[in-house]
Amino acid sequence: MMSAQFEEVEVILNRFFVKTLNPEDLTFHEYQCQFTQAPEQGSEQKALSSVCYKLGVTAVRLGNRIITREPIDQSKMKTQDWQLQRIGSRQLSCQNNHERQALESFERKILERKLKGRFKKTTIEKDYEVGLIWWISGEEGVEKSGDGWQVHRGREINLTIDTNGKLYLEIDIHHRFYTPKTLEWWLTKYPDIQIRYVRNTYEDKQKWILEDFSEKSRDDKIAELGGKSLAEYHREKGATAQEINQSRVVIVRKTNDYKAKPVYHLSGRLSPSLTMDMLAQIAKQGDQEIESKIQGVFNCIKKDINLRLQESQKTARVILQKIYNLNLSDQPQPTKVQGFLMPRPKLLAGGSQEVDQTSKIRHYGCAKTGETKFGCLNLFNDKRQYPEEVRKCLLEIAQNSSTQIEIDYYCTKSQYPEHDLGQKQFWRQWAGEGIKTVLVVMPWLPHEHKTTLRKQALEAGIATQFMIPTSMPNDYKALNVCLGLLCKAKWQPVFLKPLENREAADLVIGFDTGTNRELYYGTSAFAVLANGQSLGWELPDVQRGETFSSDSIWGVVSKLVLKYQDKDRSKPKKILLMRDGLVQEGEFEKTIEQLRKEGIAVDILSVRKSGSGRMGRELDSGNSKITYRDAKVGTVILDFESDSFILQSSEAIQTKTGPIGSARPLRVVRYYGKTPLELLALQTYHLTQLHPASGFRSCRLPWVLHLADRSSKEFQRIGQISVLANIDREKLIAV
């Protein structure tokens, strides 16, 4: 076995053993659901899940069927919308991935119901990423507060079942940021931040899930409000004219009642609840005042794994005693498992020089060069020049890459046309001069302004790299700006040293999907060769639901196979396909069949950013007290029974006083294929350490999924896929 070549290590998980499922726990009634009117394509699973909440017993979806432990009452078997037919009863197998996931969903629903019944004065929410969130109520739950905002602390609670039927609690700390700004303000300022949770801005602070946007007017009469309009209703509730007039109509649903009907609301009477990931996205967008506040929040709430495990133990003890009725004499202990530390990848810069991080290309040059003409649009001032540290860095990289570049193409703030038509003509003119990549130096501007610039440039076939200058020279920032600019100009700063194994994939393709709440941009795809060399991205398929079209996936894969043939003059022997999130039934069937006909082997991996808990290691502190640190990057836990692995692909921020925060591992499940699991883990790990667009940090996701994810967000921001018709697919527009 290949794992024999890896260093064996002990790993601590924030999991706590509950019980082993017995035959009675595993026996379920199974039902087929027939809809009166077939759901829209892509929303079948959502429709089936909706039926589960209306049956009077705990029920979950298993593929295209519904399962329950208790029989469904005959009165619930038929409605005007659907009819159920009982198929029979059977015992589910924990060895089967789909059945085990259904069991986890079922046990999670049971736990949610019991927690709500036992702890009625606290709030328990269902979260599609982390399972359940159990909030700490009152002042004890306020972690930090400032000028009108608060950070609330709760506990993430999930359930996991292994292939032997052992049920575990997975517990972690959870934070949410509440802001005085309205939902409308956030939607206008940060349209690309997908908000899920909101709450009323007025006294009751009712929490909601933001379901959708509505085309209704504020003045339309609504039957549920007794024939009043939203404007009238909220005016009577004390809303100001400004709050009403500066609102759009949105659709929300109560967070703690999944049977409740969605209702209409006003965006000016709601404020968003933001996760730390959302705040991290905002902090990167250049508003220094907001960035400073967010950094203060981060410094307070980024807890290391030692504190996280201590808090998790306390919560586990309460749940095990109060919900599962277990007698505990000692504090419950986190689970210890066997893991492996895999060898680090080797990055190759110019001349195949081995480097430990991408920043070294400043001295060694890039692994691959691309376009040599660059423009600079300076909207910051009227100087016909690059920021000095960027100009110096760009020329140094080019010289060490043995390449001459032309960078003296400028347009300043006073020269840039004021109106849309003139601006479009400007971009077309630069494209006509052979300039396909432009650095835009600008002050902080609203997001819409930046999006308009980006669209106009893309329509002319030009990729843009944005930069907001700082008061003091910043070589770190300058290098990352240069890397982004070069990646958009078809350069690749570093390659990976390929694995010396015949069974490793020759071609790796990542798939992701994004949504603007109306349409999904499916099959956003990015591909690399075995050495990490970019093969480019593909346009997404616009679809109604989150499930990928099998035809669209094969369309993308076939295009990239042909691109591979153009480069290598032969077909790839093996392809690795990575899907961000859960692989849905049938998505890849056509691709599997077509590749089989071509004699091309394939593995398909589902890569999940959540649901894997935390990975730690015990430290010898020299006394009886146990302390923990994050598992080292490259640590993997292999689960051959479930054909999956958990991978630590990133690390917490390191400081002189110790780490800030804790890294989240990835959970990777094989959907199809025969490559040894250890090799898939190694290739996945190496791809997470490839980040040509960042000098000092790696990705948490494999590079192909990181780019597919960034691309889907870019397509979502742009909103008009047609503007991408003239852009070269090897220009990494989303870095």
Side-chain angles (χ1 to χ4, degrees), residues 42 45 128-129 192-194 196 277-278 280-281 487 505 507-528 532 534-557 559-560 575-588 591 602-612 647 649-650 664 666-672 683-684 687-688 690-693 698-719 721 724 727 729-735:
Q45 293 171 11
Y128 71 102
E129 284 192 344
D192 56 319
I193 302 294
Q194 288 289 301
R196 180 163 174 78
D277 287 341
M278 290 177 184
Q281 288 183 59
C487 286
L507 173 63
V508 187
I509 306 172
F511 290 93
D512 192 22
T513 183
T515 178
N516 62 5
R517 293 187 185 271
E518 294 173 2
L519 291 173
Y520 286 84
Y521 298 94
T523 59
S524 299
F526 178 71
V528 298
S534 167
L535 203 59
W537 50 273
E538 285 297 325
L539 282 172
D541 176 48
V542 179
Q543 58 193 52
R544 295 298 305 179
E546 197 170 354
T547 302
F548 292 153
S549 154
S550 60
D551 288 334
S552 297
I553 288 183
W554 170 240
V556 168
V557 171
K559 283 180 190 175
L560 291 167
I575 298 175
L576 176 56
L577 303 179
M578 293 182 164
R579 206 274 204 213
D580 187 8
L582 186 65
V583 173
Q584 306 291 351
E585 200 70 42
E587 287 181 329
F588 289 91
T591 296
V602 62
D603 287 272
I604 301 171
L605 299 182
S606 162
V607 181
R608 306 169 199 177
K609 299 185 286 288
S610 58
S612 53
L647 169 65
S649 60
S650 59
R664 276 190 180 275
L666 299 173
R667 175 166 171 74
V668 183
V669 180
R670 194 220 306 260
Y671 174 79
Y672 180 87
Q683 195 159 18
T684 301
L687 284 167
T688 65
L690 176 69
H691 195 341
S698 59
C699 305
R700 182 177 164 223
L701 284 169
W703 175 238
V704 288
L705 281 182
H706 178 78
L707 254 292
D709 172 71
R710 294 292 297 268
S711 296
S712 71
K713 287 182 172 61
E714 185 72 3
F715 300 146
Q716 171 191 320
R717 276 192 291 264
I718 292 167
I721 302 303
L724 299 168
I727 202 82
R729 299 288 186 271
E730 289 191 33
K731 294 171 73 66
L732 305 188
I733 61 171
V735 297

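You'll find the side chain of Arg579 stays beyond 4.5 Å of the side chain of Leu605, heavy atoms only. For the pair Phe526/Asp512, no side-chain contact is recorded, criterion being any heavy-atom separation below 4.5 Å from C-beta on. Looking at Val704 and Ile509, their side chains never come closer than 4.5 Å, going by heavy atoms from C-beta outward. Looking only at side-chain heavy atoms (C-beta outward), Ser550 and Glu587 stay at 4.5 Å or farther from each other. When side chains are defined from C-beta on, Thr684 counts as touching Met578, because their heavy atoms get closer than 4.5 Å. Trp537 is listed as a side-chain neighbour of Ile733, based on a closest heavy-atom distance under 4.5 Å. Arg608 is not listed as a side-chain neighbour of Leu666, based on a closest heavy-atom distance of 4.5 Å or more. When side chains are defined from C-beta on, His691 counts as touching Trp703, because their heavy atoms get closer than 4.5 Å.
For the atom pair Ser649 OG and Leu687 CG, the distance stands at 11.0 Å (nearest 0.5 Å). The distance from the CZ atom of Phe588 to the OH atom of Tyr672 is 13.0 Å, given to the nearest 0.5 Å. Taking OG from Ser552 and CZ from Phe511, the interatomic distance works out to 10.0 Å, rounded to the nearest 0.5 Å. Interatomic distance, Arg670 CZ to Ile604 CD1, rounded to the nearest 0.5 Å: 10.5 Å.
With hydrogens and angles disregarded, no donor-acceptor distance shorter than 3.5 Å links the side chain of Glu730 to the backbone of Leu535. For the pair Arg700 (side chain) and Arg664 (backbone), a donor-acceptor distance under 3.5 Å is present. Between the side chain of Arg710 and the backbone N or O of Ala734, at least one donor-acceptor pair lies under 3.5 Å.
The nearest pair of heavy atoms linking Ala708 to Gly510 is CB-O, 3.7 Å. Shown here for Thr688 and Pro702, the closest heavy-atom pair between the two residues is CG2-N, 3.5 Å. Here the closest heavy-atom approach between residue His706 and residue Cys699 is recorded as CG-SG, 3.6 Å. In terms of heavy atoms, Leu507 sits closest to Ala527 at CD1-CB, 4.2 Å. The shortest non-hydrogen separation linking Ile575 to Ala505 is C-CB, 4.1 Å.
Legend: residues meeting side chain to side chain contact (heavy atoms under 4.5 Å, CB included) with Thr591, ordered by chain and number and at least two apart, are Ile553, Trp554, Val557, Leu577, Leu595. Qualifying side chain to side chain contact (heavy atoms under 4.5 Å, CB included) partners for Ser698, counting only residues two or more places apart in sequence or in other chains: Gln689.
For the pair Asp580 and Lys609, the salt-bridge criterion is met [side-chain N within less than 4.0 Å of a carboxylate O].
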